[in-house]
Amino acid sequence: MTVVFLAFLHVLPLLLTTNGFHPTTPITKTTKAIHARKVIIERGIITSNDKQRRFPFLFSTAAAVESSEETTASTIEAPSIPLSWDDLTNKLEKEDDDTKTSLVTLYRDTNGWCPFCERIWLLLRAKGIPYDEQLVPLQNKPDWYKALVPTTLVPAILIHEDNNNSDDTEKKNERRIVWESLDIMKALDESFPSTPRMVLDDNEEYNDAVEMNDRLTKAGFQYIYASAGPNNNITLTEEDLEERKQNFMNAINELDISLGKVERKDDDDSFFRLGSQFTGIDAIMIPTLERWRYQLPLTRNIDILENRPHLKHWFEAMESYGPYRNRVAGDAYSWTATNSMFLRYFGGGEDKPEVQDAIQRTDTIANQLTQSFSNMDDKAFGLSSDTTAAIVMEAATKLITNHEAILKDCTSDENETKSQKDITRASSDTNIDIALRYAASILMDLSSDENITTATAISTVITNNIEDELMISIDKDNSENVSRAMRTIAARTCTPRDMSAPAAIIFRGVLSIIADKLDGIN
């Protein structure tokens, strides 16, 4: 099982990685800065009283220049609109909260797709253990990691401190490495006894659930990946495949029935595997089931939720669970967009008609999903008033800290493109940099706006206020290319690789709205 799963992790390069940067700062004319402010107020898009609250990055620049226009207009140009990357970085640093000292280092795969890494990633968040991350490229593992972890596999954790002794005066500063996901799960329980216990291996129901999941996983792999991979010489008859399919379907049905038999309180809406509390078995189950939920309809025409109400209810509980939803979860678009790549690598050969059909079907659906990016959905991943600000800030942070890598990826030529080559890249253009800084500025401002509490509100504000500023900032002749870049970046954003699923909703949405407006300029 491990080998098959890991085979799927050698596909996607990391789009959003912090590389440091050398910001460029295009200059706009004084009259443009002032005109932007006047147009927006005169047309009633934003009132004078709202201007600082909604878009301070724009109005503070225009006002400052306008106040000294009579004496300096002939010799001084306004600062760039929007803010430079330097200014955005400084603003971001001021917004940063104090972070807790990390007690664990998690070593996981670069792309965020490893199911065994996902278990540990989720458990660290569920337990509330402060942790650092070290991303390990699976295709070219560094020598230091090979020396650190005997198996050289991910995940692994480094526990910074021995927490078994509750007496702080006797606590030793011990550091130990643990590998293999199940061993790590137990080690986290042992090392952090004050956190919720997750591995309930002294509980019969827990052990039965683990065994049932093992049966399901085995049946799934025997059917789904029976002839996967270009080097797989296994030949199965139609009868063999049908038998494996039926075993898999029976195992899925067994899980649904078992979920329905779990005793639950009448007033408790929680629907985890063993009842009202999230436990280690939920962390074990979700990585595999999440993939099957989104990809099997595309590859095997199987919907694992169809006529399985209890399994559907379990997924709803997981999507409402903050530690999973707010960082670890993937989303429908990400799994769909990457599925055609998985099929090309591991589908058994593109010369097979069924593989060709699956690739075409997948690409068509992925493209359809990109068309809905502008319609940000509050319900998609439980966006709410108490989480929206943090989610918007996450999107802003990812863009600001990784803008150089993003710019390079969206303008790379065919020879440089390593994945998702079907997504058209833009031509290199300084106007793309302006549009990205504009998007980052909007996100930064909206993250601190108390009146903006939902994705719908963000969409409305941006849609109603964006056009005039873009017409001023972006050269009309280049608007089509800039729009293409915005759509490319949105389509290349995958969860949980690049950011959380809720943040991706906001990030893709802002870029897509900008692209829509740019398309309307011509």
Side-chain angles (χ1 to χ4, degrees), residues 4-16 106 108-126 133 135 138 154-155 181 217 220 224 278 282-299 302-305 311-312 314-343 345-346 362 365-366 368-370 372-373 376-377 379-383 391 394-395 398 419-420 490-509:
V4 179
F5 253 137
L6 291 178
F8 284 82
L9 307 175
H10 298 276
V11 182
L12 297 175
L14 182 66
L15 169 59
L16 302 181
L106 169 63
R108 65 175 180 87
D109 67 303
T110 300
N111 291 321
W113 302 105
C114 169
F116 307 105
C117 298
E118 186 174 330
R119 295 177 181 179
I120 309 308
W121 196 7
L122 176 52
L123 282 190
L124 285 168
R125 295 179 60 83
E133 291 180 340
L135 303 182
L138 299 184
V154 291
S181 62
T217 302
I224 299 165
F278 174 90
D282 296 293
I284 291 172
M285 290 167 53
I286 189 60
T288 306
L289 290 174
E290 179 187 279
R291 288 155 174 76
W292 290 348
R293 174 190 185 182
Y294 291 118
Q295 293 190 332
L296 287 186
L298 303 171
T299 59
I302 292 175
D303 180 357
I304 65 171
L305 299 186
L311 182 56
K312 181 178 180 181
W314 177 79
F315 267 107
E316 291 171 352
M318 289 300 299
E319 290 175 351
S320 299
Y321 185 56
Y324 171 71
R325 176 195 64 212
N326 292 338
R327 186 62 188 96
V328 183
D331 63 14
Y333 172 74
S334 298
W335 284 115
T336 302
T338 57
N339 189 57
S340 62
M341 191 176 306
F342 292 154
L343 287 166
Y345 275 83
F346 311 112
T362 294
I365 295 175
Q368 291 172 350
L369 289 172
T370 64
S372 65
F373 284 166
M376 300 186 221
D377 185 359
K379 297 180 180 179
F381 268 91
L383 296 177
I391 290 166
E394 179 192 348
K398 292 292 184 179
S419 63
Q420 292 181 286
R492 288 280 289 144
T493 301
C494 288
T495 65
R497 182 189 67 185
D498 303 324
M499 61 186 70
S500 70
I505 291 173
I506 303 297
F507 184 67
R508 295 178 186 133

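Along the sequence shown, residues are numbered consecutively beginning with 1.
- Considering only heavy atoms from C-beta on, Asp331 comes within 4.5 Å of Arg508 through its side chain.
- Contacts of Arg108 classified as salt bridge (charged side-chain N to carboxylate O under 4.0 Å, His left out), with partners at least two apart in sequence or in another chain: Glu133.
- If you run side chain to side chain contact (heavy atoms under 4.5 Å, CB included) between Glu118 and each of Thr288, Ile286, Leu123, only Ile286 comes through.
- Between Gln295 and Thr338 the shortest side-chain heavy-atom distance falls below 4.5 Å.
- Proximity of Arg125 to Asn326: side-chain heavy atoms (C-beta onward) are separated by under 4.5 Å at one or more points.
- In terms of the side chain to side chain donor-acceptor pair (under 3.5 Å) criterion, residue partners of Arg293 (sequence neighbours excluded) are, by chain and number, Glu319.
- Not a single side chain to side chain contact (heavy atoms under 4.5 Å, CB included) links Pro297 to another residue, sequence neighbours left out.
- Within the 4.5 Å cutoff, no side-chain heavy atoms of Met318 are placed close to those of Met285.
- Counting only distance, with no hydrogens or angles, the side chain of Arg327 and the backbone of Pro323 share no donor-acceptor pair below 3.5 Å.
- With rounding to the nearest 0.5 Å, the separation of CG in Leu298 from OG in Ser340 is 9.5 Å.
- Contact record, Leu311 with Ile304: CD2-O, 3.5 Å, taken as the closest heavy-atom pair.
- Between Leu289 and Phe315 the shortest side-chain heavy-atom distance falls below 4.5 Å.
- Between Lys398 and Phe507 there is no side-chain heavy-atom pair separated by less than 4.5 Å.
- Under the ring pair (Phe, Tyr, Trp, His ring centres under 6.0 Å) criterion, Phe278 pairs with Phe272, Tyr321, sequence neighbours left out.
- A donor-acceptor contact shorter than 3.5 Å is absent between the side chain of Tyr324 and the backbone of Ala283.
- Under the side chain to side chain contact (heavy atoms under 4.5 Å, CB included) criterion, Thr299 pairs with Leu296, Asn339, Leu343, sequence neighbours left out.
- Contacts of Ser500 classified as side chain to side chain donor-acceptor pair (under 3.5 Å), with partners at least two apart in sequence or in another chain: Glu394.
- Between Thr370 and Tyr333 the shortest side-chain heavy-atom distance falls below 4.5 Å.
- Counting only heavy atoms from C-beta outward, the side chains of Val328 and Pro496 never approach each other to under 4.5 Å.
- With hydrogens and angles disregarded, a donor-acceptor distance shorter than 3.5 Å links the side chain of Ser334 to the backbone of Thr495.
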